[in-house]
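Throughout, protein chains are lettered first and strands after them, A, B, ... in sequence-line order, and every chain is numbered starting at 1. Only heavy atoms go into these numbers, but all of them, side chains included; no hydrogens, no water, no symmetry mates. Fair warning: this is a prediction, and the values are worked out from it, not measured in the lab.
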Amino acid sequence: MAESRQLCTFVVDGLLLGIDVRQVQEVFRSQEMTAVPLADPSVAGLLNLRGQIVTAIDLRTRLGLGPRPDGIDPMHVVIRTDDGAVSLLVDEIGDVIESGDDVLERPPETLVGGVRRMIQGVYKLAGRLLLVLDTETALTFDVVRG
Amino acid sequence: MRALIVDDSRAMRTMLGRMMAEFGFEILQAGHGKEALAVLEANGRPDVMLLDWNMPEMNGFELLVTVRGDARWSDLPIIMVTTETEMAQVAKAIEHGVNEYVMKPFTKDVLLSKLELLGLVAA
Amino acid sequence: MNEMDDVVREFLVESNEGLDQLDRDLVALEQDPGNRDLLARIFRCIHTVKGTCGFLGFSKLESVTHVGESLLALLRDGARRMNPDRATALLRLVDAVREILGHIEQSGEEGDGNYDALVATLTELQGPDAPAAAAPAEPEAEPEAPAKNMGDILIERGLVEPEQVAEAAEEQKKGDPRRIGEILVEKAHVPPHAIVEALESQTDAKPGSSVADSSVRVDVGLLDRLMNLVGELVLARNQIVQHPIVGQDGMLAATCQRLNLITTELQEGVMKTRMQPIGTIWSRFPRVVRDLSVTCKKQVRVEMEGKETELDRTIIEAIKDPLTHIVRNSVDHGIEKPADRVKAGKPAEGCLQMRAFHEGGQVNIEIIDDGGGINPVKIKAKAVQKGLLTQEQADRMSDREAVNLIFAPGFSTAEQVTNVSGRGVGMDVVRTNIERIGGTVDVTSVLGQGTTLRIKIPLTLAIVPALIVSAGSQRYAIPQVSLVELVRVDGDDIPRAIETIDGTPLYRLRGNLLPLVQLTHALRLVANRWAPPTDRPINIVVLQADGVTFGLVVDDVNDTQEIVVKPLGKHLKGLTGFAGATIMGDGRVALILDVFGIAQGAGVAGKVRDRSIPGESLQVADADQSVWRTLLLFDVGEGRRFAVPLSSVARLEEFPPTAVEIAEGREVVQYRGGIMPLGRVADVLGCADSRDPEANLAVVVHGAGRERVGLVVGRVHDIVEESVTYPPETAGRIVAVSTVIQGKVTDVLDVGALARSFGTLQTYGGHGG
């Protein structure tokens with residue numbers, strides 16, 4: 001029996017991704033960021049969140065997907081982690097989805113390397129796959145670019 | 001290189017002696033001014049004298065004046081070891097020929113820097 | 001450390017002898033108040049105790065003897081008269097000293113007696129004679145109990161059993177930093193309100209209640225929020241103070257001034273509330289050491305001093321891991337196995353001493369073991385073997401510098417791999433972590449006797465003054481501690497003032513060659529290492545970190561302001577170029593530069609830090625290559641022109657003629673804390689020296705340490721890029737080759753050969769410097 005869970009969903013390069021809604025602290029439209037030279041390319045920058053300095057990670061870069069086309073104003077999904085708040089930059093925000101009785105399945109083989117590694121599993125929704133992001137893996141990477 | 005340490009406290013002499021030995025000095029000791037004069041007579045001119053202020057028999061200042069009055073020791077480098085309550089008297093000591101002074105408690109580095117100033121150790 | 005123990009023992013014996021005499025002398029003095037001899041002897045005894053205990057770190061003893069000494073000095077000098085109150089207080093002083101000495105004898109520590117009331121009394125008794133002779137009434141009958149302690153009050157009130165207090169006191173001894181009351185509450189022996197009441201009675205009873213007993217507990221989270229709010233307030237203050245309207249309105253300007261002061265005061269106040277005793281992290285070490293010594297089959301005793309030394313809690317957090325690593329290392333690598341110790345004539349049980357104390361606005365932490373010490377010869381050999389040093393560098397390195405190589409990246413000291421602290425790896429990480437919070441670490445060691453690690457760290461690092469600069473359209477903050485000066489070079493002057501040597505741009509600042517780092521390049525925002533603008537001035541921020549001085553070229557220099565340092569998230573922690581981030585007045589985030597990290601990344605700091613290998617930072621290498629690319633042009637006071645390869649020039653200096661002294665029959669100057677021999681190039685080359693004898697000496701410094709020599713030249717003309725082939729058959733000759741540079745015949749000199757012709761000094765070497 002699968003336990004029902006609520007997932008906050010968002011879209012990155014056409015993929016529908018979700019994370020547990022309890023992990024999400026807040027969601028907001030992009031704001032000015034400070035670039036961090038020498039950092040991993042997936043570090044989009046630093047932002048001031050009411051006096052807290054939060055690192056923004058661009059999920060497109062992190063998942064090895066293409067660059068965000070002009071005209072898409074990214075959204076920040078701020079999640080709570082053991083090391084403080086981290087923002088995930090996504091293309092757009094979707095609905096909160098109830099997983100219901102569906103079973104979390106293994107990610108399909110068709111997913112390319114970068115994405116597959118960072119996915120806990122998938123829920124098969126009507127006509128669409130919801131990929132559940134493994135935030136721990138997604139947020140663990142070597143800090144120094146070189 | 002030899003250093004004469006004049007202090008009425010054994011613990012202080014041990015501690016100073018260790019510091020100076022680490023800087024490469026051979027150590028001579030005296031517990032008060034009169035003893036120091038005897039050590040000077042017996043052993044000849046050391047390279048530096050570390051002098052406590054407050055001692056029985058003959059205090060540091062009396063020893064300083066005596067030593068400076070003797071042609072044999074008149075150019076002996078002398079470092080006065082003082083406490084902050086004695087600071088007012090340091091001026092007097094310098095007038096009477098003290099070359100440097102250190103204030104208790106001091107670190108080894110402070111002592112080393114004074115020795116460097118006197119040209120007794122290279123930096 | 002063992003040797004310290006000897007001093008302490010000597011100190012105890014000597015002090016106790018003095019105290020016995022002191023009792024008798026004080027009683028005699030009451031009968032004969034004017035006896036100067038007695039007074040001088042009494043004074044000397046307390047004076048000696050005080051003078052020595054300062055070295056041994058016995059701060060309680062130091063504070064009581066200090067006030068006692070002051071009073072005795074007044075009595076001895078006849079400024080105050082002896083009276084019964086003063087005699088009583090002095091006898092109590094002797095009791096207190098004896099009590100503390102007793103504690104030291106038993107446990108090596110000063111015990112938890114509170115002598116505040118005694119100190120207050122002795123201070124008051126220094127007041128003028130007639131009216132103030134009515135000394136404050138003493139609440140306690142027993143002289144050895146100047147203030148009742150918490151445990152006694154609670155027992156008296158029947159709230160706890162004496163055993164429970166003893167148990168709590170035992171935990172304190174084991175390193176629990178909490179007060180007796182707190183421990184008892186936690187163990188549910190007493191309700192919290194009972195402690196509060198007892199505290200009140202304690203406060204009432206004491207004339208000068210101590211700070212420690214009137215404290216409240218505050219949630220750390222609340223303090224963090226307060227600190228954050230204060231940080232925000234500082235930012236808002238900065239914004240307001242900088243607002244143009246303020247300059248136009250006198251009233252507003254005055255209010256701003258007040259806001260400014262209040263903010264600063266509030267900031268300091270909140271900062272103080274965040275201070276924690278270092279004991280909070282030390283408390284775990286006895287256990288760590290016990291477990292580790294069992295694993296290593298060693299016997300180790302831990303001694304702590306200065307547990308109450310306070311630090312900002314962010315710093316406490318930051319030093320926890322480095323300290324743990326050091327402690328583990330000391331047990332694992334420092335202290336020998338019992339059998340080895342006995343063989344070496346030491347007690348089987350090793351001693352690990354931890355000391356903390358404040359000094360000069362900094363906190364000093366020392367970790368001292370009485371183990372086998374570090375063998376500088378082995379360290380050097382290993383460093384050479386690992387390619388961290390050349391043999392030549394190793395040979396001229398002092399022992400002290402050699403032992404500090406343990407902090408070099410990738411250095412390993414253990415001959416045997418153990419599973420405890422790896423293979424000695426990590427000491428470089430320890431240094432990095434300590435330096436990240438603005439601290440320094442240093443090691444000294446006496447072979448066979450032990451090792452001392454000294455850490456110096458700032459009290460707080462939350463708010464620091466910083467210079468704001470911009471580069472590549474972003475702002476960066478540079479902590480002002482690293483800032484030396486700002487230099488602006490006009491566009492027209494750039495080609496003349498800045499030379500590029502082997503790709504490194506150098507600026508001649510008052511005769512010294514200052515390597516330049518372009519911030520945009522250091523941050524890899526531009527690919528070119530050196531691409532100065534031609535149409536506008538450039539800004540050089542001269543920085544110094546860890547013995548490395550360099551110029552950081554930035555696009556713009558904004559202003560200086562107080563910034564609130566915030567840590568970077570874990571995704572950015574490994575970046576060497578940044579020390580943190582801050583929020584600027586306009587709400588945007590700015591990165592704080594890690595000055596040493598930038599220098600290291602740009603290659604102007606050595607791989608092993610500068611203080612480990614003296615005098616190398618400004619040498620541009622290539623000394624022995626047969627093609628010289630960059631030459632320093634000079635004359636020796638007459639027409640002829642000479643050149644030396646810049647790669648063999650450590651620095652250019654000027655000395656007034658009065659600085660020249662004579663040692664070993666030759667000219668020397670004091671330089672960088674050592675003695676540098678001078679050689680007049682004109683003499684060697686047989687040229688007439690027609691320089692003005694009153695003029696400053698232009699000196700080309702060659703080599704480092706003992707090999708350092710200053711070549712006195714006439715005037716330095718220029719630095720030029722010129723390829724000169726060094727014909728091998730001339731090797732060893734002073735004039736290596738003659739060539740035409742800038743249309744003039746120029747003799748290119750071999751500096752090595754030149755320096756050898758002068759020779760080095762016999763007795764004046766130096767520890768490097």
Side-chain angles (χ1 to χ4, degrees), chain B residues 1 6-24 29 31-33 47 50-62 80-89 102-123, chain C residues 1 3-4 6-15 17-18 37 40-41 43-58 62 66 69-70 72-73 76 357 359 364 398 400 442 444 446 449 452 454 661 663 670-675 705-706 761 763-769:
Chain B
M1 300 277 268
V6 192
D7 199 313
D8 59 331
S9 156
R10 279 195 303 277
M12 274 303 298
R13 289 202 301 272
T14 308
M15 206 148 38
L16 276 171
R18 291 222 171 109
M19 290 185 187
M20 295 297 286
E22 220 183 297
F23 303 146
Q29 300 190 18
H32 53 73
D47 295 278
L50 270 64
L51 190 52
D52 185 32
W53 193 283
N54 205 310
M55 293 181 291
E57 299 296 324
M58 179 192 262
N59 71 27
F61 186 73
E62 290 159 355
M80 199 94 200
V81 179
T82 78
T83 63
E84 76 271 34
T85 42
E86 293 160 352
M87 279 307 285
Q89 292 165 286
V102 283
M103 201 169 86
K104 290 185 207 173
F106 50 85
T107 62
K108 229 170 0 195
D109 289 351
V110 168
L111 183 60
L112 183 63
S113 70
K114 299 288 181 177
L115 293 168
E116 278 170 17
L117 283 172
L118 291 174
L120 293 168
V121 296
Chain C
M1 208 189 268
E3 64 173 49
M4 215 35 159
D6 289 342
V7 176
V8 172
R9 251 193 302 280
E10 229 158 19
F11 167 68
L12 288 172
V13 171
E14 184 173 283
S15 304
E17 282 169 10
D37 286 345
R41 197 155 68 195
F43 174 84
R44 196 164 52 238
C45 173
I46 293 296
H47 177 80
T48 302
V49 172
K50 191 214 134 190
T52 314
C53 68
F55 285 95
L56 303 172
F58 297 130
E62 197 180 0
H66 178 71
E69 183 195 37
S70 303
L72 282 165
R76 182 196 57 181
F357 54 96
E359 191 182 73
N364 291 248
S398 72
R400 194 193 162 107
D442 176 58
T444 51
V446 180
Q449 291 188 23
T452 299
R454 254 180 223 95
E661 300 169 58
Q670 296 192 22
Y671 182 61
R672 293 184 151 196
I675 305 281
R706 282 173 193 276
L761 289 175
T763 46
Y764 297 89
H767 301 202

**Prompt:** Atom CG of Asp442(C) and atom CG of Asp109(B): how far apart are they, to the nearest 0.5 Å?
**Reply:** 8.0 Å

**Prompt:** Could you state the interatomic distance from CZ (Arg454(C)) to OG1 (Thr107(B)), rounded to the nearest 0.5 Å?
**Reply:** 8.0 Å

**Item:** Closest approach of Thr52(C) to Ala11(B) (non-hydrogen atoms, all atoms of both residues)
**Value:** CG2-CB, 3.8 Å

**Message:** Would the distance check show the side chain of Glu10(C) and the main-chain N or O of Thr14(B) forming a donor-acceptor pair, the cut-off being under 3.5 Å?
**Reply:** no

**Request:** To the nearest 0.5 Å, tell me how far Asp52(B) CG sits from His47(C) NE2.
**Result:** 5.5 Å

**Item:** Shortest non-hydrogen contact between Gly54(C) and Pro105(B), atoms and distance
**Value:** C-CB, 3.5 Å

**Request:** Calculate, to the nearest 0.5 Å, the distance between atoms CG and CZ belonging to Asn54(B) and Arg76(C) respectively.
**Result:** 6.0 Å

**Complete:** Okay, Thr48(C) and chain B: the region with an atom under 4.5 Å from a heavy atom over there is side chain

**Prompt:** Roughly how far, to the nearest 0.5 Å, is the CD atom of Gln449(C) from the CD atom of Glu22(B)?
**Reply:** 8.5 Å

**Fill in**
Closest heavy-atom pair, Phe106(B) versus Phe55(C), reported as atoms and distance to 0.1 Å, is O-CE2, 3.1 Å

**Item:** 4.5 Å side-chain heavy-atom contact, Phe11(C) and Met15(B)
**Value:** no

